[in-house]
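Below, each value reflects all heavy atoms present in this structure, side chains not excepted, and no hydrogens, waters or symmetry copies.
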Amino acid sequence: MKNKWVVGVVLALLIVGGVAVAYRLTRPAVGDGEASGSRIRATFLAYEIQPETAAMIKTGTPLYDETGKKCFMITSVKMTAAREAGADAAGVLHTVEHPFLKDVVITAESVDRRVAWAYIYGRDKILAGANVAIYGDNWKVWTRILTVEAIQ
């Protein structure tokens, strides 16, 4: 009878240990532990946003992921009038400036080192062409990632 309890406990420990190892192997590396050694610089395009929100995006402020973890520091902000397609009287399409919406190009450098092939940003990966939400201290904008490059 005592042997059945011992065997049951040993099997339970093996199962829990196997689940823990599988969990550890399938999770991406975060931070310095298993990183490749370099940080990244990413350029985000926040398009057609309100001027009040655009004015809150400042150089030197942090960007956070959806969990509130600081991931990037803004190094450059370029604001222009948003461009939109418009047709003239003859039906020819032209791009025209929007009367009040803004396009903002945000360049930011990562705080942590990047994982082997992609920088983990909450549940997303920072990859050129992807769309992600970025969060400041009191603002949130939906962006498209224009460029990603490794820096030292």
Just how far is it from atom [atom1] of [X] to atom [atom2] of [Y], taken to the nearest 0.5 Å?
X    : Y    : atom1 : atom2 : result
I126 : S110 : CD1   : OG    : 9.5 Å
L63  : T143 : CG    : OG1   : 8.5 Å
E97  : T80  : CD    : OG1   : 8.0 Å
R41  : T147 : CZ    : OG1   : 9.0 Å
I151 : T75  : CD1   : OG1   : 8.0 Å
I49  : M79  : CD1   : CE    : 7.5 Å

In one Ile/Leu/Val/Met/Phe/Trp/Tyr side-chain cluster, 4.5 Å: [X], [Y]:
X    : Y    : answer
V77  : M56  : yes
L146 : I40  : no
V111 : Y64  : no
L45  : V148 : no
V6   : L14  : yes

Which atom names give the shortest non-hydrogen contact between [X] and [Y], and what distance separates them?
X    : Y    : result
A81  : K102 : CA-CD, 4.4 Å
K125 : A130 : O-CB, 4.4 Å
V132 : F44  : CG2-CE2, 4.1 Å
H94  : V92  : CD2-O, 3.3 Å
A82  : E48  : CB-CG, 3.9 Å

Student check: side-chain heavy atoms of [X] and [Y] closer than 4.5 Å:
X    : Y    : value
V141 : V104 : no
I106 : F72  : no
Y47  : L101 : no
M73  : E109 : no
H98  : R83  : no
I74  : K58  : no

Quiz prompt | Under 3.5 Å: donor-acceptor pair, side chain of T43, backbone of T107 | solution =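 No, T43 side chain to T107 backbone: no donor-acceptor pair under 3.5 Å.
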